[in-house]
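Data first, discussion second: the structure below is written as structure tokens.
The sequence lines fix the lettering, A, B, ..., with proteins before strands; numbering per chain opens at 1.
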Amino acid sequence: MVTVTLPDGSQREIECGTTVQQFAQSIGAGLAKAALGGKIDGQTVDLSAPINADSTVEILTWKNEEGREIFRHTSTHIMAQAIKRIIPEAKLTIGPPLTDSFYYDFDVPTPLTPELLSKIEEEMEKIVTAAEPITRAELARDEAIRLFRERGEDYKIEIINELPEDQTISVYSQGEFADLCRGPHLPNTGYVKAYKLLNVAGAYWRGDVKNKMLQRVYGTSFPDKKALKEHLELLEEAKKRDHRKIGRELDLFSFQEEGPGFPFFHPNGMVLYNEIMTYVREELSKLDYVEIMTPLILNEELWHQSGHWDHYRENMYFTEIDEKAYAVKPMNCPGCMLVFRNDLRSYRDLPMKIAEFGRVHRHELSGVLHGLFRVRCFTQDDAHIFTTPEKLEDDITEAIDLIRRVYEVFGFDDYHMELSTRPEKALGSDEMWDSATDALRNALENHGIKYKLNPGDGAFYGPKIDFHVNDSLNRTWQCGTIQVDFSMPERFDLNYVGPDGQKHRPVMVHRALVGSLERFIGVLIEHTAGNFPVWLAPVQVAVLPISEKHLDYAQSVYDQLRAAGVRATLDVAEDKIGMKIRNAEIRKIPYMLVVGEKESAAGAVSVRRHGKGDQGSVPRDEFVLKIWDEISNRTR
RNA sequence: GCUGAUGUAGCUCAGCUGGUAGAGCAGCUGAUUCGUAAUCAGCAGGUCGUCGGUUCGAAUCCGACCAUCAGCUCCA
């Protein structure tokens, strides 16, 4: 007998060699039915794995992330089996589960077509219906190599050869299909009741452009059809929030063939742009920032000095003026360096916080352009903080607080932070790196902030904290950032005069709150689905006269709103009120004021809130006060 | 940049195997003056992404280019 400890701390005695499946059965039939795999002492295992010693055991179901991974991993094998049946010469590579989907990469003689997907799905159906038992076998290295050589699976052999000597090599089989796989897997293929192949795409072997391009098939799967349907509807819903679509519908911005990757902001989009800048400026002035503006084009020499020519040339645009080489700035820092260096600085000036809404141009690969999320020209709400090593942590803390406050005002809670540390190729001494990394880490931990650690992912000039925000399809985009920089002050020979009368080298921090205004606006659009809070809405109020007879009164209401600084429109069209409301609703205007006979007699307005319907009639002055309050407080 | 897909009116889309383009919405004009998500009628709008080729004839077939979309991190 062995003693099994469950996650809740309770213990059970069971016979040695009992499988996870049997153990689940002994707890309850329901659990046994829901079980997808197990976890013995923290190690995920098949349901058929025996429990051979005293251990902690957890039964994994759809509710556990690991359970879902097992489920998706088996799904990817089923898909691979189906594809091997249709294209026998397809070579298997890797096929992992993702958060809510899975994929498998194949080396195939001709690219897969979307039409093939339904054929593959039909074949998968057969495999699922057959409920093929899935078996695990542990093989010696040479046996495994022989097996995959016979099957012509060159990539699997490559993988085996790279596995450490002491690694157990396991092969999972179902019917005629066998795959090198660590597992664990479901007991049979019948578990995967609902699945859908989503798309095909190219992907490089091991993600390296130098390698051969493989064909990747994406799919998703669920234990039942209902869950699959809900998931697909969610994807559909997310597409409706796509900022590119809403940007067109609300006439916020456009892209033109004449400038791929260079967004054109329309009047409505400019309102968002300017409101964001106004708000950020308010926050900056509270913290004693100063603001500068530096040129877009600067002599190429500067970029040699800054190191961008060495490290960032590929992404830069170059030009010539009076037969001299110039570059369009991809970052704002060098310009700011020149401003700092333009004067003698005292320790009394530090920390010196210099902000710039800097417009930068970067040559991104054509294939990665993506609406406002990935553009070739954007404005950063940049700032460079010149400080001393002693004050560094306080300045970082202030920046973190600022970023979080700003995100809160915009209604964001779906973001996470990542701390990136020293990469292989790095400038500066170990001590500098350690103290800067500590400053960042302490600032995070003193706030009790959870963060993801990216060892070796820092910039060559210093460690950083990045803020990542999720889009409607759960893709993450970097927005805010706080980066410590040892390199720039050195390269530009920046100094300040200390209390001792000697020259000292300042520490520099780059920081951006929303990052790229363009990207942030994109995220904001998806986050709100275009239903902006009143303070941001391009049009805040639509005044809708019932008929021409009420135009004069409507005009006076409109004038009053405009005089109060409210962005209002007056709908003078000869439409019925239903049509005017519909038009305003479609444009997602937060407030509609219906004015007719009753209102003009009472000096009132009938308020209709976007998406919420009629809110009843209020005196016009009262409405103006209320909306003014909402705007100036930036109510979410 | 690479792989695949797509490109027809401002928007959304139709146009089978080649026979010189069509709808709805939006726009304009007129009628209607109306109470909380679409009043009626008429008009106008496209060198079918660009350039080249095949053909008596190309939106349709072929090629190149441009743009857009998905993917190119998840390690058996």
Side-chain angles (χ1 to χ4, degrees), chain A residues 69 73 76-77 92-99 101-103 105 108 110-116 144 148 153 155-163 167-172 179-183 198-218 239 242 244-245 248-249 251 254-261 314 363-371 454 457 473 475-476 544-551 573-586 592-599 606-617:
Chain A
E69 274 179 16
H73 205 165
T76 198
H77 276 206
L92 301 172
T93 69
I94 59 165
L98 306 177
T99 315
S101 61
F102 59 83
Y103 70 81
D105 284 348
V108 285
T110 51
L112 301 173
T113 59
E115 294 76 58
L116 209 58
F148 288 107
E153 301 291 5
Y155 293 88
K156 294 293 175 186
I157 295 169
E158 186 179 328
I159 292 162
I160 294 169
N161 284 331
E162 284 173 20
L163 290 174
Q167 176 90 41
T168 314
I169 296 175
S170 56
V171 171
Y172 280 82
D179 195 0
L180 175 73
C181 188
R182 183 170 43 201
L198 300 171
N199 52 25
V200 288
Y204 300 101
W205 170 233
R206 306 208 140 147
D208 190 334
V209 288
K210 292 195 278 294
N211 288 336
K212 184 162 185 185
M213 178 156 285
L214 309 171
Q215 291 293 305
R216 174 170 297 181
V217 184
Y218 283 89
K239 271 190 203 155
D242 192 310
R244 293 166 296 190
K245 184 172 142 68
R248 196 181 318 115
E249 287 166 356
D251 198 19
S254 64
F255 286 90
Q256 311 288 338
E257 292 211 355
E258 287 78 357
E314 296 296 302
H363 181 255
E364 301 286 353
L365 291 178
S366 60
V368 304
L369 300 176
H370 185 103
N454 289 330
D457 231 19
L473 285 173
R475 293 175 288 212
T476 68
L544 312 177
I546 298 278
S547 82
E548 255 173 49
K549 283 184 268 178
H550 316 107
L551 261 183
E574 292 174 19
D575 288 318
K576 301 209 311 198
I577 192 66
M579 189 57 170
K580 292 183 182 183
I581 285 170
R582 180 181 150 79
N583 286 334
E585 288 281 354
I586 287 170
M592 287 150 273
L593 300 182
V594 176
V595 291
E597 204 58 50
K598 283 180 287 186
E599 289 77 12
S606 275
V607 180
R608 183 187 166 99
R609 192 77 223 256
H610 167 67
K612 295 199 182 106
D614 196 351
Q615 308 285 297
S617 178

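Remark: the separation of the P atoms in B:rA59 and B:rG19 is 10 Å, to the nearest Å. Separating the P atom of B:rC16 from that of B:rU6 is a span of 15 Å, rounded to the nearest Å. Rounded to whole Å, the P atom of B:rU29 lies 22 Å from the corresponding atom of B:rC34. Across the C1' atoms, B:rG24 and B:rA38 are found 13 Å apart, a figure rounded to whole Å. Annotation: B:rU54 and B:rU60 have their P atoms spaced 15 Å apart (nearest Å). When the P atom is compared between B:rA31 and B:rG46, the two are found 27 Å apart, to the nearest whole Å. Distance noted for atom P between B:rA26 and B:rG42: 15 Å (whole Å). Across the C1' atoms, B:rU50 and B:rA58 are found 15 Å apart, a figure rounded to whole Å.
Other residues, nucleotides and ligands place no more than 12 heavy atoms under 6.0 Å from the CD atom of A:Glu314.
If you check every strand for non-hydrogen atoms under 4.0 Å, A:Lys598 touches a base. Residue contacts for A:Val200: at a heavy-atom cut-off of 4.0 Å it reaches no nucleic acid atom on any strand shown. As judged by a 4.0 angstrom heavy-atom cut-off over every strand, A:Thr93 is placed among residues touching the sugar-phosphate backbone only. In this structure, A:Glu599 reaches the bases: a heavy-atom distance under 4.0 Å links it to at least one base atom across the strands shown.
Taking 4.0 angstrom as the limit, A:Arg608 places a side-chain polar atom (N or O) nearer than this to OP1 or OP2 of B:rA37. Under 4.0 angstrom from either OP1 or OP2 of B:rU36 there lies no side-chain N or O belonging to A:Arg609. Side-chain nitrogen and oxygen atoms of A:His370 include none within less than 4.0 Å of the OP1 or OP2 phosphate oxygen of B:rU68. Residue A:Arg244 has a polar side-chain atom (N or O) positioned under 4.0 Å from OP1 or OP2 of B:rA70. Put simply, A:Tyr103 has no side-chain N or O that comes within less than 4.0 Å of OP1 or OP2 on B:rA70. OP1 or OP2 of B:rC11 has not a single side-chain nitrogen or oxygen of A:Lys245 nearer than 4.0 Å.
Residues A:Ser617 and A:Lys598 fail the side-chain proximity criterion, which asks for heavy atoms closer than 4.5 Å.
Checking B:rA23 for Watson-Crick or G-U wobble geometry (two distances, each under 3.5 Å) identifies B:rU12 as its partner. Base pairing analysis places B:rG42 opposite B:rC28; the two distances defining the Watson-Crick or G-U wobble pair are each below 3.5 Å. Pairing partner, B:rG63: B:rC51, with both Watson-Crick or wobble hydrogen-bond distances short of 3.5 Å. With a cut-off of 3.5 Å on both pairing distances, the Watson-Crick or G-U wobble partner of B:rU3 is B:rA70.
Two residues, A:Arg248 and A:His550, neighbour RNA chain B, and the one matched to the more 5' nucleotide by heavy-atom proximity is A:Arg248.
The minimum heavy-atom distance between A:Asp575 and A:Lys580, with the atom names listed, is O-CE, 3.5 Å. For the residue pair A:Ala144 and A:Ile169, the shortest heavy atom distance occurs at CB-CG2, 3.7 Å.
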